[in-house]
*Asks:* 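Structure incoming, see below.
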2 protein chains.
Amino acid sequence: MANQTVDNPFAAPGHDHRSCIVAALDAAEAACARRGERLTPLRRRVLELVWRGHRPVGAYDLLALLQDERGRVAPPTVYRALDFLCTQGLVHRLESLQAFIGCGHTGNHMDDQGDGRHAAHFLICQDCGVAVEIRDGQLDGAISGLAGRAGFAIADETIELSGLCAACRNQSVSRPVCTTS
Amino acid sequence: MANQTVDNPFAAPGHDHRSCIVAALDAAEAACARRGERLTPLRRRVLELVWRGHRPVGAYDLLALLQDERGRVAPPTVYRALDFLCTQGLVHRLESLQAFIGCGHTGNHMDDQGDGRHAAHFLICQDCGVAVEIRDGQLDGAISGLAGRAGFAIADETIELSGLCAACRNQSVSRPVCTTS
DNA sequence: AATGTAAATGATATAACATAACAAAATGAA
DNA sequence: TTCATTTTGTTATGTTATATCATTTACATT
């Protein structure tokens, strides 16, 4: 159990997160190589920092982490790296939180034609802070159905459902939030 | 046609927008009266300014408009009014745009138990800038279905679909964007 | 009308998030 | 090497949002 791939990190605070990080970085290296994009040391490091856990991370949190290890780092450094990672579909931005989270689906998308961008839908637990990217055929169908009926051509989807995950519903009080997992 | 209620303001730039404003303000007065909430002159004016059109408005745009008519106005004045209006379900915040838009469904919600908050789903045209609140049974069903299967209790839904509305798809070039409609 | 209380607004400051613009360095191709 | 392009560094500023405390207003009670 400890080294399995974690598809649903809700209620999995004790999983072997190192394997999540390694998997994400390996997939990112492969995806960039395949596309002829450059996962530079800075970009790789930012991606690694985003993957510190399964909780969305703010740009300025990342900035502080980079500053801890590199001294003076300015906001554009972080935002440029995040732009690159988002463009490659390696990271998603959660609009309702103004924060970023690593994408665990790199490389296994059918709709990945060259670039890695894809619609990302999330469940976000307001208690433990974990965000999980979901994929649901009925949801996708409903969206394309309503867009079609309205004659609307969707270019970007922001779908973020916040509430309580199953694990957090099953405990009476809020637990302290750690920064990872 | 000119005085009809506009349910879908995409491609309706010439509609009688005054009737939209009047309807929204009347509905807001009624809703607040029913709930024992106070739609003060400031809150009412902010709501009116939000309803200048069917395009999302930034908090600082509203601030500037208020300053034009009242001299010195500080950000908290606008944000407090917006908080109130959002809590009452009279205005929605579009997370992907960091902007606000009037809700045209005040008072006709089945799930309106005392307070007026409700999930709001949007189509947002990236060309004309208009945002339309939609309601789709299949979408609602898909959401509750996937949440149920995941054991997730949804508290807030952010669903914002950006792209091109039917009218904008049917014209080759972007038209100039006016501030209302 | 005077008083007390809670709600709303005013005012100041600052926090938090993000980008424009230009300089310097690193990279890769010719 | 030279050149062109991409990436990173640096400075400054723009944009969005909130914390805090003072003041005013609304309104129920006396």
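Order of the sequence lines sets the chain letters (A, B, ...), proteins ahead of strands, with each chain counted from 1. Values reported hereafter were calculated over all heavy atoms of this structure, with side chains retained and with hydrogens, waters and symmetry mates removed.
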*Asks:* Side chains of A/R45 and A/L66: does their closest heavy-atom pair fall under 4.5 Å?
*Replies:* yes
*Asks:* Heavy atoms from C-beta onward define the side chain here; which of D/dA17, C/dA18, D/dT8 lies closest to that of B/P75?
*Replies:* D/dA17
*Asks:* Check whether any side-chain heavy atom of B/E160 sits under 4.5 Å from a side-chain heavy atom of B/L97, and report yes or no.
*Replies:* no
*Asks:* Between atom CG in B/L63 and atom P in D/dG14, what is the gap in whole Å?
*Replies:* 16 Å
*Asks:* Can you tell me which nucleotide in C/dA8, C/dA18, D/dT10 comes closest to the side chain of A/T77?
*Replies:* D/dT10
*Asks:* Nearest nucleotide by nearest heavy atom, which residue falls closer to the 5' end of DNA chain D, B/D61 or B/R38?
*Replies:* B/D61
*Asks:* Starting from the 5' end of DNA chain D, give me the residue, B/Y79 or A/F84, whose nearest nucleotide shows up first.
*Replies:* A/F84
*Asks:* Using atom CZ of A/R43 as one end and atom C1' of D/dT6 as the other, report the distance to the nearest whole Å.
*Replies:* 8 Å
*Asks:* Figure out the CD/C1' separation between A/Q98 and D/dT16, and round it to whole Å.
*Replies:* 8 Å
*Asks:* I want to check something: taking the side chain as every heavy atom from C-beta on, are B/W51 and B/L25 in contact at a cut-off of under 4.5 Å?
*Replies:* no
*Asks:* Return the value, rounded to whole Å, for the distance between atom CG of B/L97 and atom C1' of C/dC17.
*Replies:* 16 Å
*Asks:* Among B/E133, B/H105, B/E157, which residue meets the side chain to side chain donor-acceptor pair (under 3.5 Å) test with B/H118?
*Replies:* B/E133
*Asks:* Atom CG of B/L42 to atom C1' of C/dT9: distance rounded to whole Å?
*Replies:* 8 Å
*Asks:* Using whole Å, what does the distance between atom C1' of nucleotide D/dT18 and atom CG of B/L82 come to?
*Replies:* 13 Å
*Asks:* Looking at the base of C/dG10, is there any donor atom on it, or on the side chain of B/R70, that sits under 3.5 Å from an acceptor on the other one?
*Replies:* no
*Asks:* Please determine if a side-chain N or O atom of B/T40 lies less than 4.0 Å away from the OP1 or OP2 oxygen of D/dT25.
*Replies:* no
*Asks:* Please state how far atom CD in A/E95 lies from atom C1' in C/dC17, giving the value in whole angstrom units.
*Replies:* 12 Å
*Asks:* May I ask whether A/Y60 stacks on the base of C/dC17, given the cut-offs of 5.5 Å between ring centres and 30° between planes?
*Replies:* yes
*Asks:* Do A/E95 and A/T158 get their side chains close enough for a donor-acceptor pair, meaning under 3.5 Å?
*Replies:* no
*Asks:* Determine whether any donor atom in the side chain of B/R80 lies under 3.5 Å from an acceptor atom in the base of C/dG10, or the reverse, and answer yes or no.
*Replies:* yes
*Asks:* Rounded to whole angstroms, how far apart are CG on B/L66 and P on C/dG10?
*Replies:* 9 Å
*Asks:* Can you identify which nucleotide, out of D/dT10, D/dT18, D/dT7, has its nearest atom closest to the A/A74 side chain?
*Replies:* D/dT10
